[in-house]
Trainee: 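Could you have a look at this structure, given as structure tokens, before my questions?
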Number of protein chains: 2
Amino acid sequence: MAKIQDVAKLAGVSTATVSRVLNNPESVKNETSRRVMSAIKSLDYTPNRVAKSLSSKAQDITVGVIFPDIATFYFAELYKGMSREARENNINILLHELEEGANAREETLMNALHFLKKSNVSGILLSSRYIPKEYDQAIKRLGIPLVMVLSSHEAGSIPAFKIDDKRAAFDSVAYLVSRGHQRIGIISAITNNHNSGELRHQGFLQGIQYYNLPLSPEQIVYGKMRYDDGYKAMTELLSNHHKTKITAVFAATDEMAIGAIRCVIDSGLKVPEDISIIGYDNLSISDMTIPKLTTISQPFYEIGKESMKHMIEIIKEPDKGQKSGNHFLAYQLVERESVKELT
Amino acid sequence: MAKIQDVAKLAGVSTATVSRVLNNPESVKNETSRRVMSAIKSLDYTPNRVAKSLSSKAQDITVGVIFPDIATFYFAELYKGMSREARENNINILLHELEEGANAREETLMNALHFLKKSNVSGILLSSRYIPKEYDQAIKRLGIPLVMVLSSHEAGSIPAFKIDDKRAAFDSVAYLVSRGHQRIGIISAITNNHNSGELRHQGFLQGIQYYNLPLSPEQIVYGKMRYDDGYKAMTELLSNHHKTKITAVFAATDEMAIGAIRCVIDSGLKVPEDISIIGYDNLSISDMTIPKLTTISQPFYEIGKESMKHMIEIIKEPDKGQKSGNHFLAYQLVERESVKELT
DNA sequence: TAATTTACATTAATCGATTACAGAATTTAA
DNA sequence: TTAAATTCTGTAATCGATTAATGTAAATTA
């Protein structure tokens with residue numbers, strides 16, 4: 001590997017001049033510049049990045065991203081948003097997947113945090129479901145700015161980018177009511193302490209209350225966000241159907257909604273003719289299901305982009321102080337085929 | 001930010017000793033070591049990574065990954081495989097998404113390559129659909145080892161990790177035949193010069209020939225790999241149904257298969273009762289469709305892992321020479337619900 | 001022609017670590 | 001007690017760039 005000295009020698013100039021040709025060409029005479037360039041070419045010289053950043057003190061910034069499972073359907077959109085913003089600002093992303101250990105989730109989060117710290121990231125975008133309060137201190141001690149994505153910090157001291165889950169769930173109920181539904185079941189999301197699931201649950205309850213709808217315990221069922229959970233949950237809901245007579249179901253995630261649809265169909269009923277289902281997320285696959293899913297659309301791309309944007313601001317102007325608390329982005333209810341209008 | 005000199009001064013030793021305490025503790029007297037450690041603690045000192053790698057010449061290795069579209073359904077699995085292997089070897093990944101420009105694909109690939117080169121990656125894992133021969137020279141000039149993933153290089157001089165597409169497509173036909181199908185349509189994948197689509201097409205044709213099945217031009221239809229393409233293609237296939245009387249369709253990607261299913265259902269027919277459909281990929285969603293998709297399962301995780309493993313070998317022992325040509329991994333035909341046994 | 005500018009180029013310090021080599025301190029052997 | 005061996009620590013070169021300070025040659029002005 002050729003270094004700057006080699007180039008300098010070959011071109012018959014000093015290393016300073018070579019450096020200038022590369023970084024400040026106007027300050028070098030054309031003739032000299034040409035000689036240097038040809039030396040660079042013939043030696044196939046590329047400046048050593050490490051030496052460059054050590055000397056210029058302008059190390060390239062990299063932001064760490066912690067995500068529990070890359071295979072989550074919305075991950076790609078979220079990441080695209082982050083990635084786009086990062087690229088525009090010449091910032092690298094170090095993606096760290098939190099291993100889906102059955103146990104040891106806590107251990108792993110702290111590990112991830114430390115791993116990223118060691119990798120010298122300037123900030124961390126955290127999309128974990130589980131942030132126990134015990135971590136608060138440790139996080140503060142890290143000394144690296146954090147931004148939460150899609151989930152919020154209980155204490156609220158860490159800025160978070162997401163949609164207003166409570167409101168969106170409420171809107172879902174309102175929508176179902178507007179289509180004539182009164183008896184509504186819910187497949188709620190349980191997620192290791194992650195509060196989004198809970199917020200959606202609360203919003204749902206508020207809707208029920210607001211519209212004065214009936215609600216028996218048999219109408220409430222829980223799952224862990226995934227397809228299989230939705231399927232199982234729906235089985236339970238159906239087993240009480242004769243009693244609850246629900247005409248619609250609010251599923252707290254699209255994946256569960258899709259599982260629920262499958263379950264309904266397996267049991268010989270039809271969606272939406274016999275049971276309407278509304279989801280939450282608007283995954284790309286929710287447009288491919290039969291029937292197509294009516295759902296709350298989360299702006300994953302924007303959430304990713306905005307959270308990264310905010311992170312960059314924090315990094316570049318640390319004194320400015322990060323705006324903590326929730327940053328809500330706009331969501332939409334997308335009408336498709338899985339909710340029937342009752343007459 | 002404290003540096004090693006500060007620590008040295010505070011502990012009353014030389015920088016060399018501080019460095020030794022950190023990197024070679026046995027060589028330092030306990031008492032000294034303790035003093036240094038406490039100085040490190042009280043100054044909250046962390047070694048500067050850049051300086052460290054410049055001086056030790058042990059820069060951390062990073063491998064670039066070029067992928068056309070992160071939102072592709074199988075991306076996550078592929079990436080997990082790569083990521084796992086990389087992490088075990090203490091290697092970083094720099095993920096670079098090729099912007100899905102309608103035009104300018106060529107430009108972008110070269111850009112991506114150069115961008116990664118500038119970022120000092122030691123190797124590039126390339127999963128692009130489009131590698132014109134014109135690039136051969138430019139790639140050679142790059143001077144960075146390349147490994148192809150999921151697609152192969154025409155000239156064959158770049159190692160590639162994938163499954164044997166031709167064989168797998170042949171097997172699909174064989175399977176359909178074993179279920180009593182004789183009149184089979186194909187939704188073939190067109191992909192800017194990417195040869196996987198073509199190989200599957202060839203394999204299909206070989207199967208048709210081998211089993212001596214009828215094949216009219218109306219049984220062959222093309223799409224660009226995605227859901228919508230599958231839908232459109234199936235529309236075309238159905239419009240000739242009265243003539244071709246096909247009982248089964250081989251779709252070159254799961255996404256297209258799923259689009260095709262939707263199309264069949266929209267047209268009032270049923271899968272697999274009226275038309276059987278077999279896919280290709282085995283995406284996670286192919287297990288969620290109604291009916292569940294019978295398909296060729298590609299080992300995305302392993303492909304990712306093996307390609308990264310090979311890359312690492314090349315990087316660590318450049319003299320050994322990379323084994324060019326195709327490295328085929330094992331695939332499987334997964335039977336589910338979308339193919340009916342004709343009696 | 002001498003003095004003053006202007007335009008480039010060079011020298012050498014610097015970034016923050018590691019490490020070969022040499023020297024000091026301590027332990028062991030004689 | 002002294003020489004030899006061993007253990008520990010310090011000095012200074014080094015990694016490969018950037019850049020402030022400085023020098024020199026050419027161009028301009030008086």
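Numbered from 1 within each chain, the chains take letters A, B, ... in sequence-line order.
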Trainee: For a 4.5 angstrom cut-off between non-hydrogen side-chain atoms, does Phe67(A) reach Leu125(A)?
Mentor: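 The answer is no, as the side chains (C-beta and beyond) never meet within the 4.5 Å cut-off.
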
Trainee: Can you sort out the partners of Ser27(A) under side-chain hydrogen bond (donor to acceptor under 3.5 Å, both in side chains), two or more places apart, ordered by chain and number?
Mentor: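 Once residues adjacent in sequence are excluded, Ser27(A) has no partner under the side-chain hydrogen bond (donor to acceptor under 3.5 Å, both in side chains) criterion.
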
Trainee: Return the residues of residues 46-55 of chain A meeting this criterion: a heavy atom under 4.0 Å from some atom of DNA chain C. Order them by number, or give none.
Mentor: Leu54(A), Ser55(A)

Trainee: List the atom of Ser83(B), the atom of Ile93(B), and the distance in Å for their closest heavy-atom pair.
Mentor: CA-CD1, 3.7 Å

Trainee: Does the side chain of Ile144(A) reach to within under 4.5 Å of the side chain of Leu113(A), using non-hydrogen atoms?
Mentor: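 No - every pair of side-chain heavy atoms lies 4.5 Å or more apart.
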
Trainee: Could you tell me whether the side chain of Thr17(A) reaches within less than 4.5 Å of the side chain of Ser14(A), counting heavy atoms only?
Mentor: yes

Trainee: Could you tell me which residues satisfy salt bridge (charged side-chain N to carboxylate O under 4.0 Å, His left out) with Glu31(A), sequence neighbours excluded, listed by chain and number?
Mentor: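 Arg34(A), Arg35(A).
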
Trainee: Quick one, Met148(B) and Asn326(B) - any side-chain contact, counting heavy atoms below 4.5 Å?
Mentor: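 With C-beta onward as the side chain, the pair stays apart.
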
Trainee: Does the side chain of Ile40(A) come within less than 4.5 Å of Leu22(A)'s, by heavy atoms?
Mentor: yes

Trainee: Looking at residues 31-42 of chain B, who's got a heavy atom less than 4.0 Å off DNA chain C?
Mentor: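 Going residue by residue through residues 31-42 of chain B, none turns out to have a heavy atom under 4.0 Å of DNA chain C.
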
Trainee: Between dG10(D) atom P and Ile4(B) atom CD1, what is the distance in whole Å?
Mentor: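 After rounding, the gap between these two atoms is 12 Å.
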
Trainee: Does anything in residues 15-27 of chain B reach DNA chain C, meaning a heavy atom under 4.0 Å, and if so which residues?
Mentor: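 Close to the strand are Ala16(B), Ser19(B), Arg20(B), Asn23(B).
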
Trainee: Using a 3.5 Å distance criterion without hydrogens, assess whether the side chain of Ser196(B) forms a donor-acceptor pair with backbone atoms of Leu150(B).
Mentor: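 Yes, Ser196(B) side chain to Leu150(B) backbone: donor-acceptor pair under 3.5 Å.
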
Trainee: Hey, where on DNA chain C does chain A first and last touch, going 5' to 3'? Cut-off is any atom under 4.0 Å from a heavy atom.
Mentor: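 With heavy atoms of chain A under 4.0 Å away, the range is dC8(C) to dG16(C).
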
Trainee: For the backbone of Thr15(B) and the side chain of Ser19(B), can you confirm whether one donor and one acceptor N or O come within less than 3.5 Å of each other?
Mentor: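 Checking the backbone N and O of Thr15(B) against the side chain of Ser19(B), no donor-acceptor pair under 3.5 Å is found.
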
Trainee: Strictly by side chain to side chain donor-acceptor pair (under 3.5 Å), give each pair with a member in residues 3-13 of chain B just once, sequence neighbours left out.
Mentor: none

Trainee: Can you pull out how bent the helix from dT1(C)-dA30(D) to dA30(C)-dT1(D) is, comparing the axes over its first five and last five pairs, to 10°?
Mentor: 50°

Trainee: Any side-chain heavy atom of Ile4(B) sitting closer than 4.5 Å to one from Pro47(B)?
Mentor: no

Trainee: Just to verify, what does Lys305(A) make a salt bridge (charged side-chain N to carboxylate O under 4.0 Å, His left out) with, not counting sequence neighbours?
Mentor: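 By the salt bridge (charged side-chain N to carboxylate O under 4.0 Å, His left out) rule, Lys305(A) matches Glu85(A).
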
Trainee: Tell me whether Lys117(B) contacts the main-chain N or O of Leu142(B) through its side chain, where contact means a donor paired with an acceptor under 3.5 Å.
Mentor: yes

Trainee: Test: ring-ring contact (aromatic ring centres under 6.0 Å, His included). Region: residues 78-98 of chain B. Which pairs qualify, not counting sequence neighbours?
Mentor: Phe75(B)-Tyr79(B), His96(B)-Phe115(B)

Trainee: Report all interatomic pairs (protein N or O, nucleotide N or O of nucleotides 22-28 of chain D) with separations under 3.5 Å.
Mentor:
none

Trainee: Which residues pass the salt bridge (charged side-chain N to carboxylate O under 4.0 Å, His left out) test with Arg20(A), not counting sequence neighbours?
Mentor: none

Trainee: Please determine whether a side-chain nitrogen of the Lys or Arg among Arg84(A) and Glu88(A) lies less than 4.0 Å from a carboxylate oxygen of the Asp or Glu.
Mentor: yes

